[in-house]
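Data first, discussion second: the structure below is written as structure tokens.
We count residues from 1, following the sequence as given. Everything numeric here is computed off the predicted structure, so don't read it as measured data.
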Amino acid sequence: MPSQSEIKNQKSESPALCLIPARFGSTRFPGKPLADHTGKPLIQHVVENAARARHVDRVVVATDDLRIHEAVTAFGGESVMTRADHPNGSSRLAEAVQKLGTTHQLIVNVQGDEPEIDPDLIDALVLGLAQDDTSDMATLYADFAPDEDPTSPHIVKLIKDQHQRAIYFSRTLIPFVRDAGNPASTGPRHAYFKHPGLYAYRRAFLLAYPTLAPTPLEQAEQLEQLRVIEHGHKIALIYAPKPPHPGIDTPEQYAAFVARCTR
């Protein structure tokens with residue numbers, strides 16, 4: 001990942017469009033984009049942080065819910081309504097790009113439940129994809145925090161090749177190190193990496209994604225990025241030395257976020 005000074009000093013020749021998919025329905029926290037115990041709705045925090053990225057010149061919320069759409073426009077943000085029947089976020093973003101009629105060639109996907117997203121990570125992702133013209137997408141990888149359980153199925157893991165491209169993503173711990181418990185093993189210690197959910201796409205590929213048939217590994221793991229790999233496309237990996245703060249999935253996590261905001 002480029003340093004912060006490199007990110008700030010390098011001018012993007014092709015600023016990115018940032019799309020933020022947001023849905024009202026949530027099993028564990030219904031209506032979370034509109035939770036406003038900080039004095040502003042959660043989705044506003046996401047929009048404002050994304051707008052601070054130097055290599056993004058437009059931020060748009062993509063939603064299928066009129067309540068979210070109206071909340072975003074009320075605080076001066078931009079929103080586009082999409083269909084409610086999309087099977088995944090990439091499909092929703094493809095519709096949003098078509099509706100907006102934008103000519104942006106790089107599209108960033110920031111999840112609508114990440115109010116503490118670091119703008120520098122967005123910039124690093126945009127620059128990483130812009131500089132790798134052989135990849136169709138880019139995403140982040142990061143080290144595990146000391147208090148995180150790498151075996152948890154709630155944290156997506158990944159493995160990469162020698163050219164900083166993704167080989168595979170999984171909810172299980174990968175790879176399996178056969179001789180990990182053998183003191184006689186002299187092989188290099190393998191580092192495990194997690195996958196923060198932040199993506200950048202080339203415009204043409206994002207628009208083509210919904211036409212790609214679902215794939216067996218994607219359906220087994222319930223990870224839409226596996227469709228990309230199974231169809232032979234490349235995903236560039238950008239290291240995040242300071243990984244994004246986890247998104248808000250539960251009322252308890254939201255309460256902790258509110259507490260951090262009001263310290």
Side-chain angles (χ1 to χ4, degrees), residues 1-8 10 16 18-21 45-46 49-50 52-56 89-90 106-132 135-177 180 188-201 217 221-226 228-229 234-250 253 256-257 260:
M1 175 178 171
S3 68
Q4 289 191 11
S5 60
E6 289 172 331
I7 291 170
K8 292 176 180 177
Q10 186 169 355
C18 178
L19 290 177
I20 303 173
H45 289 281
V46 185
N49 264 351
R52 293 188 181 103
R54 291 172 55 87
H55 300 292
V56 166
S90 297
L106 299 178
I107 317 294
V108 180
N109 175 5
V110 172
Q111 296 302 311
D113 60 2
E114 296 186 3
E116 296 171 283
I117 185 69
D118 185 348
D120 286 339
L121 290 178
I122 298 175
D123 283 330
L125 196 62
V126 171
L127 291 176
L129 183 57
Q131 294 166 359
D132 181 355
S135 294
D136 300 294
M137 284 179 59
T139 192
L140 301 176
Y141 72 102
D143 299 310
F144 283 90
D147 61 344
E148 289 180 319
D149 177 9
T151 66
S152 170
H154 301 297
I155 303 177
V156 177
K157 277 71 69 172
L158 63 83
I159 49 176
K160 61 187 181 72
D161 66 17
Q162 297 295 311
H163 304 284
Q164 295 297 102
R165 295 190 181 93
I167 296 175
Y168 193 67
F169 298 84
S170 181
R171 296 184 185 280
T172 194
L173 188 61
I174 52 176
F176 174 78
V177 182
R189 181 182 180 276
H190 183 84
Y192 293 104
F193 298 110
K194 66 177 179 178
H195 174 233
L198 185 68
Y199 297 99
Y201 310 78
L217 294 176
E221 297 263 15
Q222 291 295 294
L223 296 172
E224 64 183 276
Q225 64 270 35
L226 289 175
V228 178
I229 294 174
K234 295 178 180 177
I235 302 177
L237 295 176
I238 311 300
Y239 179 65
K242 181 184 176 183
H245 198 281
I248 306 297
D249 290 324
T250 66
Q253 290 174 333
F257 164 67
R260 289 193 293 274

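Nearest heavy atom pair, residue Leu125 against residue Ala138, reads CD1-C, 3.7 Å. Shown here for Gly197 and Glu114, the closest heavy-atom pair between the two residues is O-OE2, 3.8 Å. The two residues Ala16 and Val126 have their closest heavy-atom pair at CB-CG2, 3.8 Å. Smallest separation of non-hydrogen atoms from Val110 and Ile122: CG2-CD1, 3.9 Å. Contact between Gly112 and Val46 at its shortest, heavy atoms only, is O-CG2, 3.5 Å. Scanning all heavy atoms of the two residues, the minimum distance from Cys18 to Val56 falls at CB-CG1, 3.7 Å.
Of the inter-residue distances, the one linking Leu223 atom CG with Ser170 atom OG reads 7.0 Å to the nearest 0.5 angstrom. To the nearest 0.5 Å, the span separating CG on Leu127 from CZ on Arg54 amounts to 10.0 Å. Between Phe144 atom CZ and Phe193 atom CZ the span is 10.0 Å, to the nearest 0.5 Å. To the nearest 0.5 angstrom, Gln164 atom CD is 13.5 Å from Ile235 atom CD1.
Side-chain contact between Asp149 and Ile155 is absent, with no heavy atoms from C-beta onward closer than 4.5 Å. Counting heavy atoms from C-beta outward, Lys234 and Ile229 have side chains that stay 4.5 Å or more apart. Side chains of Val108 and Leu19 form no contact here, defined as non-hydrogen atoms less than 4.5 Å apart. Leu237 places none of its side-chain heavy atoms less than 4.5 Å from the side chain of Leu140. Inter-residue side-chain proximity for Leu198 and Asn109 is flagged as unmet; no heavy-atom pair is nearer than 4.5 Å. Side-chain contact between Arg165 and Asp132: present, with at least one pair of heavy atoms (C-beta onward) separated by less than 4.5 Å. Here the side chains of Val228 and Met137 are in contact, with some heavy-atom distance below 4.5 Å. Contact annotation: the side chain of Gln111 approaches that of Pro21 to within less than 4.5 Å [non-hydrogen atoms, C-beta and beyond].
A donor-acceptor pair under 3.5 Å links the side-chain atoms of Glu148 to the main chain of Ala145, judged by distance alone. Of the possible polar contacts, one joining the Gln253 side chain to the Asp249 backbone as a donor-acceptor pair under 3.5 Å is found. Looking only at distances, a side-chain donor or acceptor of Asn49 sits under 3.5 Å from a matching main-chain atom of Pro115. For the pair Lys160 (side chain) and Ala236 (backbone), a donor-acceptor distance under 3.5 Å is absent. Although no hydrogens or angles enter the test, the distance criterion places a donor-acceptor pair under 3.5 Å between the side chain of Arg171 and the main chain of Glu221.
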Practice item. Just do the side-chain contact (heavy atoms from CB on, under 4.5 Å) check on Leu121 and Asp123 with the steps written out, would you? Key: CA-CA 5 Å; Leu121 290 178; Asp123 283 330; over 6 Å; no

Review point. side-chain contact (heavy atoms from CB on, under 4.5 Å) between Ile238 and Thr139: does it pass, once the steps are laid out?
Key: CA-CA 6 Å; Ile238 311 300; Thr139 192; over 6 Å; no

Practice item. Would you check, one step at a time, whether the test side-chain contact (heavy atoms from CB on, under 4.5 Å) holds for Gln225 with Val156? Key: CA-CA 11 Å; Gln225 64 270 35; Val156 177; 4.3 Å; yes

Check your understanding: For Asp143 and Tyr192, what are the C-alpha separation, side-chain angles and deciding distance, and is it a side chain to side chain donor-acceptor pair (under 3.5 Å)?
Key -> CA-CA 7 Å; Asp143 299 310; Tyr192 293 104; over 6 Å; no

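Here the rule is side-chain contact (heavy atoms from CB on, under 4.5 Å) with Ile159, and of Tyr141, Phe169, Tyr168 only Tyr168 fits it.
Inspection of the Ser90 and Tyr199 side chains reveals no N or O donor paired with an N or O acceptor under 3.5 Å.
With respect to Asp120 and Lys242, no salt bridge is recorded, no charged nitrogen being found less than 4.0 Å from a carboxylate O.
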